[in-house]
Amino acid sequence: MNIRLVLFILVLVPMTAQADPVSEPIKIGGSYEVTSIERRQDDFFEIIFKSVSPSGKFDELKLESDHVHFSVRKGQKIRLSAEVIKVDGPRAEVSQVLLFLPHVQGVTPVWMLSRKNSNRELRGSKYIDMHAPQSDYRIL
């Protein structure tokens, strides 16, 4: 009887320790710092964002992407909007992120998708749906 109980606990613990996928994507936003950009063995990047003002929820975001925009650097503080697909306490995995990168004329929106993004309809911010007016022309 004790062996069955131990086996049950050993099977149950790893299942509860995993991140929980959310039923509907959760849209979040705020100011984050890029704390890590790592290239993995199977040619994808893992980018970690940590909240500048931790609240206990979504304080750390993980994006697995096929690329990293050349303007995104470790240590950089960025305002962003993201779509959470998995939650693990204060950590979350995102399917897409809209970064508002500082630019001479304001900010430039940069949209990055996760390699785990499903084939459902992509709904970016209204800002990106409209376009980025500051990149449509250049005043000389």
Side-chain angles (χ1 to χ4, degrees):
M1 190 72 152
N2 289 339
I3 293 173
R4 288 184 185 169
L5 180 61
V6 170
L7 289 176
F8 177 74
I9 291 172
L10 289 175
V11 170
L12 184 62
V13 169
M15 290 172 56
T16 57
Q18 296 176 355
D20 297 324
V22 294
S23 58
E24 285 290 319
I26 303 167
K27 295 185 185 212
I28 62 161
S31 295
Y32 285 79
E33 180 180 351
V34 180
T35 57
S36 172
I37 302 173
E38 293 184 27
R39 186 178 195 128
R40 297 294 181 182
Q41 292 177 348
D42 51 353
D43 285 337
F44 75 90
F45 295 90
E46 183 179 277
I47 305 144
I48 305 293
F49 302 92
K50 286 199 179 178
S51 178
V52 173
S53 303
S55 66
K57 191 168 186 180
F58 309 126
D59 290 339
E60 185 175 303
L61 305 178
K62 179 174 85 169
L63 174 73
E64 292 183 6
S65 185
D66 296 331
H67 72 283
V68 177
H69 190 273
F70 64 91
S71 293
V72 177
R73 295 183 186 93
K74 185 178 175 182
Q76 183 178 26
K77 291 188 172 108
I78 302 173
R79 196 176 96 235
L80 61 79
S81 294
E83 194 174 75
V84 173
I85 55 172
K86 285 186 183 175
V87 179
D88 186 12
R91 296 180 181 169
E93 187 170 346
V94 296
S95 64
Q96 57 183 322
V97 65
L98 180 62
L99 305 171
F100 297 95
L101 299 173
H103 186 268
V104 176
Q105 296 178 347
V107 294
T108 300
V110 173
W111 198 1
M112 293 179 64
L113 296 176
S114 169
R115 69 187 192 113
K116 295 181 179 180
N117 196 342
S118 64
N119 291 330
R120 68 188 191 311
E121 180 184 349
L122 298 175
R123 295 183 154 206
S125 167
K126 290 291 181 194
Y127 192 79
I128 210 162
D129 287 343
M130 291 173 12
H131 61 78
Q134 70 269 28
S135 64
D136 288 350
Y137 58 89
R138 188 175 193 173
I139 299 174
L140 300 174

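All of these numbers come straight from a predicted model, not from anything done at the bench.
- From Q76, atom CD reaches atom OG of S71 across 7.5 Å, with rounding to the nearest 0.5 Å.
- The heavy-atom pair separating S36 from K74 by the smallest distance is N-CG, 4.5 Å.
- Side-chain contact annotation: E83 with S95, donor-acceptor N/O pair under 3.5 Å present.
- For I47 against H67, the heavy-atom pair with the smallest separation is CD1-O, 4.4 Å.
- Residues H69 and V110 come closest through the heavy atom pair CD2-CG1, 3.6 Å.
- Counting only distance, with no hydrogens or angles, the side chain of S65 and the backbone of S114 share no donor-acceptor pair below 3.5 Å.
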Open item on the list: Test side chain to side chain contact (heavy atoms under 4.5 Å, CB included) on L61 and I28; report intermediate values, then the result.
Closed with: CA-CA 10 Å; L61 305 178; I28 62 161; 3.6 Å; yes
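- Both M112 and L101 sit in one connected hydrophobic cluster of ILVMFWY residues. Membership requires side-chain heavy atoms under 4.5 Å apart, directly or through other members.
- Remark: E93 CD to E64 CD distance equals 5.0 Å, nearest 0.5 Å.
- In this structure, L80 is not a member of the same hydrophobic cluster as V52, with clusters built from ILVMFWY side-chain heavy atoms closer than 4.5 Å.
- In plain terms, the two heavy atoms of I37 and V72 that are nearest each other are CD1-O, 3.7 Å.
- Electrostatic pairing of K62 and E60 does not count as a salt bridge here, judged by no charged N lying under 4.0 Å from a carboxylate O.
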- [ ] Begin from the C-alpha positions of D42 and R115 and carry the test side chain to side chain contact (heavy atoms under 4.5 Å, CB included) through to its verdict.
- [x] CA-CA 12 Å; D42 51 353; R115 69 187 192 113; 3.9 Å; yes
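- How far CD1 of I26 is from CZ of F58: 4.0 Å, rounded to the nearest 0.5 Å.
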TODO: Output, in order, the C-alpha distance, side-chain angles, deciding distance and verdict of side chain to side chain contact (heavy atoms under 4.5 Å, CB included) for F100 and T108.
DONE: CA-CA 6 Å; F100 297 95; T108 300; over 6 Å; no
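- Hydrophobic clustering (ILVMFWY, side-chain heavy atoms < 4.5 Å, transitive): I48 and V94 are in distinct clusters.
- In the hydrophobic cluster analysis, where Ile, Leu, Val, Met, Phe, Trp and Tyr join through side-chain heavy atoms closer than 4.5 angstrom, L98 is grouped together with L113.
- Residues F45 and I78 share a hydrophobic cluster, clusters being chains of Ile/Leu/Val/Met/Phe/Trp/Tyr side chains in contact below 4.5 Å.
- Shown here for S51 and Y32, the closest heavy-atom pair between the two residues is N-CD2, 3.3 Å.
- Ion pairing between a basic and an acidic side chain is recognised when a charged N comes within 4.0 Å of a carboxylate O; E33 and K50 show no such pairing.
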